[in-house]
Amino acid sequence: MDWLQPHAHDSNPTPPDDDASLEIVLPDARRRVTVEALRALPGHTLPRAVIASTGHPASGPFDLSGVTLKTLIAAYAPGDWSAALVISGDGFGTRVLAEEWLGESERSILLAHTVDGRPLTRAAGLVRLIVPSETGEALRQVKWVAEIRLLP
Ligand SMILES: Nc1nc2c(c(=O)[nH]1)N[C@H]1C(S)=C(S)[C@@H](COP(=O)(O)O)O[C@H]1N2
Ligand SMILES: [Mo]
């Protein structure tokens, strides 16, 4: 599946594996980020989030907490990037432009590890990308983030 193109709207319910750590992939290096390391970074909460989707029941509202993409990149890969490809272990993903993560607001793009104050389970998507501006078919709400590829 070419996940950067529009594709069939079937959500995978099954995690690809048990390893919830992710890698930040730079042009010349890879940096592993464990869930524990993610939890150690300054946090952010998106209140009353709903994951809406045509053809599926919506889930939520819940309070999603984690680390903004801006904070993660500033901590692990500071630089002048144009975009990030956020890719899951099951071959799903989305492209995020730098202008989408550089602003900071309550609705910032988030790597979620906590829901309603409890650890997000692997089955529920740990670590999950949340793009609050996307409210259509949940195609950017990427579960099981495995790689964040930064593009110059
Ligand atoms: N890794 C991964 N993330 C994904 C998908 C998927 O198939 N794989 N499907 C997307 C779609 S189309 C939907 S509707 C939601 C479903 O989220 P839920 O399983 O929490 O209900 O996950 C989104 N994120
Ligand atoms: Mo969806």
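No hydrogens, no waters, no symmetry mates; every other heavy atom, side chains included, goes into these values. Predicted, not measured: the structure shown is a model, and the values here were computed from it. For ligands, and for the atoms within them, numbers begin at 1 and follow the listed sequence.
With a 4.5 Å cut-off on side-chain heavy atoms, Leu111 and Leu69 count as touching. A 4.5 Å side-chain heavy-atom check between Gln141 and Ile130 finds at least one atom pair inside the cut-off.
Under 4.0 angstrom from ligand 1, the non-hydrogen atoms of Asp90 all belong to its side chain.
Taking all heavy atoms of Glu137, Arg128, Lys143 into account, the minimum distance to atom 20 (O) of ligand 1 is reached by Arg128.
When each atom of ligand 1 is checked for a heavy atom of Asn12 under 4.0 Å away, the hits are 6 (C), 7 (O). Residue contact check: Leu139 has heavy atoms under 4.0 Å from atoms 12 (S) of ligand 1. For ligand 1, the atoms sitting less than 4.0 Å from at least one non-hydrogen atom of Trp144 are 1 (N), numbered in the order shown with element in parentheses. Counting atoms of ligand 1 from 1 in the listed order, those under 4.0 Å from a heavy atom of Ser88 are 1 (N).
For Asp116 (side chain) and Asp63 (main-chain N/O), a donor-acceptor pair under 3.5 Å exists by modelled atom type.
A side-chain hydrogen bond (donor to acceptor under 3.5 Å, both in side chains) with Glu23 is found for one member of Arg31, Arg30, Arg149 and no other, namely Arg30.
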List the steps and the verdict of side chain to side chain contact (heavy atoms under 4.5 Å, CB included) for Asn12 and Lys143.
-> CA-CA 9 Å; Asn12 178 14; Lys143 298 181 282 191; 5.5 Å; no
